[in-house]
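We name chains A, B, ... by the order of the sequence lines, and we start the count at 1 in each one. All values below come from the heavy atoms of this structure, side chains included, with hydrogens, waters and symmetry mates left out.
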2 protein chains.
Amino acid sequence: MNSKPATIKEIARRLGISPSSVSRGLHDHGSIGSAMKEKIRTVAQELNYEPNQTAIFLQKGKTHTIGVILPELSESFFSSAITAIEDIANKKNYQVMFAQSHDDEAKEKLLVEKMKSHRVDGLIVSVAKSTSSYEHFTKLSSQNIPVVFFDRIPSVTNVHSVACDMETGTIQAVQYLLKKGHRAIGMINGPSNLLASTQRKEGYIKAFGSQRLKYDPSMIVTSDLTENGTLIAMEQLLIIKRKPTAIVAFNDYISLYAIKYARKLGLVINKDIEFVSYSNLPLIHYMDHIPSASVEQHPYLQGQKAADMLMDLLSNKDTEQQGFYRVIIESELVENRTGGIL
Amino acid sequence: MNSKPATIKEIARRLGISPSSVSRGLHDHGSIGSAMKEKIRTVAQELNYEPNQTAIFLQKGKTHTIGVILPELSESFFSSAITAIEDIANKKNYQVMFAQSHDDEAKEKLLVEKMKSHRVDGLIVSVAKSTSSYEHFTKLSSQNIPVVFFDRIPSVTNVHSVACDMETGTIQAVQYLLKKGHRAIGMINGPSNLLASTQRKEGYIKAFGSQRLKYDPSMIVTSDLTENGTLIAMEQLLIIKRKPTAIVAFNDYISLYAIKYARKLGLVINKDIEFVSYSNLPLIHYMDHIPSASVEQHPYLQGQKAADMLMDLLSNKDTEQQGFYRVIIESELVENRTGGIL
DNA sequence: ACTTGCTAAACAAACGTTTGCGTTCACAAT
DNA sequence: ATTGTGAACGCAAACGTTTGTTTAGCAAGT
């Protein structure tokens, strides 16, 4: 009952043969008699033999484990993404070792060290908001441990990455509103140091351009992504003489904050003012007053691509690395159906 | 740049001493000269030495890794719980290897095997809904790999577990409604094979008993936890001559389905009918029409206790096991503030 | 009878570390 | 001069596996 797990050695001892023969017998590997092979198999069965992976890891120098570091599991974006990563990894017989940085750069660095010392074969990372330097990652790559970034990717170019292009989705979103007849379209954008903010702004401008309309720069305001910052942004928008009849919000949360504020002012959603945002959170489906459309960022797909990329890097580890993978996923506007009674 | 990571052997070679001395030097372990110790340390620094955990794992027979298997990461309950587990584990220098069963028993079994072959030191599990046999887990325990169950725990007694007692929370919930003057209180319960359902029913009955009131058995109906099943349950409740003025719903989702239905019938929430449920999901805080209170199940705390328990089992692995840990956390009613404008 | 060639198995080294047990040496105590 | 003591280190085994290199045995070809 409390016996140590069976080993190859034990099997060898029982059969009076050498461990190496047992190993070969179990692997169809080298030269081994089919009679003996059978015997080995049956004894292995009897003893309930399972290979000790730690020994194999040491021997092969691989752990068949990939590390995943991401900011917050409670964000549904990331829980979808990691589910995808897990699925792919499992399919390829890899295990996932994961940890959350909680958007703390120091913690992130610590985790990278831990992962390294656990000898993960590769790493998938979505960096913390506060992360400003990337040496801890480049150190990994230089030690031949591939790193793939996704969604929140460093602004440097010499890394492998998967990300979603917000520009196309934004163009779709604005065109969607234009087609509906809106002309005064506000945008609540995020902090300007984020690539995602730049892309949203670009998309906004291009959408207007594509219809040969010109846009009002004062219609683009910035929120620090808190509820309060969003209220301030809304005030800025609603002060404009030509009041916006539609607003593109940075994400669904921002949208909900803004909607709440608009309703407080007595505005009727989708009548006086319409919202479009990003993320397409599941919680939307339980609510009455929601953005009429949302730009989907495909978290599952991003996770999938990132995992595929890492798997590819791992299997071609020996062959000389040439350049860096850089996958861009197109974001995509989807219309929302409310889950409420309205 | 692309060099193999430094090893103890390499350090030993450079200093012309034996690997064992290096090991001791790095660990303050056995007898080692302080001068030599210094030299060892500096060389280790220079070479950027990091111990190869896989070798240590093999040598020590421990991986300092715990496995976590749970049904769905996208449920906020579980993402909180695993965050707690991760926090505790990290504090004790353990890494987390995790996987989702997606409520599929076959997948769960597979995962257990994978975890075992990766030689996790212990396992924390919240079992899949469909899981009916537990041999795959008992096999682990018998191999001296401790297993701790949390939240969804097997109905057998010879396991370690952490769970939340729904009865006390239910008593609080019903008493809360009684105190508010409600007398016709409905309950939408879950499938009767769940322990959690039994506890809810018991709590309901006890709460009435404690006020020397008697309850109407037809007030307790069952939902299969889908939206449609919940509508049927609502119909059953609203058919009763003495219509319920308040309803205790199995969880927040059920509550939201029920609220949606009630509103469709023109009922005004918290006036014509009041809801109380379980889970205390974050999404509640964004909505207008919500249960006025919710029974908190303390996912973070459950994860914490489960991790603590496992850590304890791991550190006392050698000492003979006597009995099983069984921690019960009291559920607790918390009043909700709406995040909407109402 | 002697090389060849083949199969089936053993041998041994290796992966990187830890650790019990020696060994050596210097020096103090007898 | 002998013994004891302790410090500082080396040796070697061990963890469980894989894998390149023998070796042994045996049948077939010359």
Side-chain angles (χ1 to χ4, degrees), chain A residues 3-41 43-44 47-65 93 116-121 143-144 317, chain B residues 3-41 43-44 47-65 93 116-121 143-144 317:
Chain A
S3 56
K4 299 271 152 253
T7 69
I8 275 192
K9 285 187 181 176
E10 173 64 12
I11 299 178
R13 203 186 53 76
R14 297 217 180 186
L15 286 166
I17 61 179
S18 82
S20 49
S21 297
V22 177
S23 175
R24 287 187 239 263
L26 294 169
H27 289 86
D28 270 341
H29 208 269
S31 44
I32 189 84
S34 52
M36 186 55 91
K37 190 152 67 183
E38 258 322 298
K39 280 206 243 172
I40 292 171
R41 295 255 164 106
V43 174
L47 296 187
N48 242 303
Y49 169 76
E50 303 181 53
N52 182 332
Q53 295 291 358
T54 60
I56 299 177
F57 296 161
L58 175 60
Q59 153 68 28
K60 298 235 169 129
K62 311 218 167 291
T63 58
H64 264 262
T65 303
N93 249 295
K116 186 162 51 167
S117 82
H118 265 255
R119 291 294 195 269
V120 295
D121 290 343
Q143 281 180 29
N144 217 14
K317 216 172 180 176
Chain B
S3 56
K4 299 270 155 250
T7 71
I8 275 192
K9 284 187 182 177
E10 174 63 13
I11 299 177
R13 204 187 53 76
R14 296 218 181 185
L15 287 166
I17 60 180
S18 82
S20 46
S21 297
V22 176
S23 175
R24 288 185 242 261
L26 294 170
H27 288 87
D28 269 340
H29 207 269
S31 42
I32 190 84
S34 50
M36 187 54 90
K37 190 152 68 182
E38 258 323 298
K39 279 205 240 170
I40 292 172
R41 298 255 162 105
V43 174
L47 296 188
N48 241 305
Y49 169 76
E50 303 179 52
N52 182 333
Q53 296 290 356
T54 62
I56 299 176
F57 296 160
L58 175 60
Q59 155 67 29
K60 298 235 169 133
K62 311 218 166 291
T63 57
H64 264 261
T65 303
N93 248 294
K116 185 161 53 167
S117 83
H118 264 257
R119 291 293 194 270
V120 295
D121 290 343
Q143 281 180 29
N144 217 13
K317 217 172 180 177

Taking the side chain of [X] as heavy atoms from C-beta outward, which of [options] is closest to it?
X: B:R24; options: C:dC21, D:dT17, D:dG20; answer: C:dC21
X: B:S18; options: D:dT17, D:dG10, C:dA10; answer: D:dG10
X: A:K9; options: D:dG16, C:dC15, C:dT18; answer: D:dG16
X: A:I17; options: C:dA9, C:dG16, D:dG16; answer: C:dA9
X: A:P51; options: D:dT17, C:dA9, C:dT17; answer: D:dT17

Partner of B:T54 under side chain to side chain contact (heavy atoms under 4.5 Å, CB included), chosen from A:I56, A:T54, A:T63: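 Only one option passes, and that is A:T63.
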
Rounded to the nearest angstrom, tell me the gap between atom [atom1] in [X] and atom [atom2] in [N].
X: B:M36; N: D:dG10; atom1: CE; atom2: C1'; answer: 12 Å
X: B:F57; N: C:dC15; atom1: CZ; atom2: C1'; answer: 15 Å
X: A:L15; N: C:dA10; atom1: CG; atom2: C1'; answer: 14 Å
X: A:K39; N: C:dA8; atom1: NZ; atom2: C1'; answer: 13 Å
X: B:R13; N: D:dG10; atom1: CZ; atom2: P; answer: 15 Å
X: A:Q53; N: D:dC15; atom1: CD; atom2: P; answer: 18 Å
X: A:E10; N: D:dT17; atom1: CD; atom2: P; answer: 11 Å
X: B:I56; N: D:dG16; atom1: CD1; atom2: C1'; answer: 16 Å

Do B:L47 and B:R14 come within less than 4.5 Å of each other through their side chains, counting heavy atoms only?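 They are in contact (side-chain heavy atoms under 4.5 Å apart), so the answer is yes.
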
Can we call the ring centroids of B:H118 and B:F57 under 6.0 Å apart?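 Between B:F57 and B:H118, which both carry aromatic rings, the centre distance is not below 6.0 Å.
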
At 4.0 Å (heavy atoms only), tell me whether [X] reaches a base, stays on the sugar-phosphate, or touches nothing.
X: B:L58; result: base
X: A:G25; result: nothing
X: B:S20; result: base

Residue met sooner reading DNA chain D from 5', once B:P19 and B:K60 are mapped to nucleotides: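 Nearest nucleotide further toward 5': that of B:P19.
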
Within the pair [X] and [N], is there a side-chain N or O less than 4.0 Å away from OP1 or OP2?
X: A:K62; N: C:dC15; result: no
X: B:S21; N: D:dC9; result: no
X: B:S23; N: C:dT18; result: yes

Quick one: closest heavy-atom pair of A:H64 and A:N93, and the distance?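 In this case the closest contact between A:H64 and A:N93 is ND1-O, 3.1 Å.
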
Salt bridge or not for A:R41 and A:E38, using N-O below 4.0 Å?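 Salt bridge absent between A:R41 and A:E38.
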
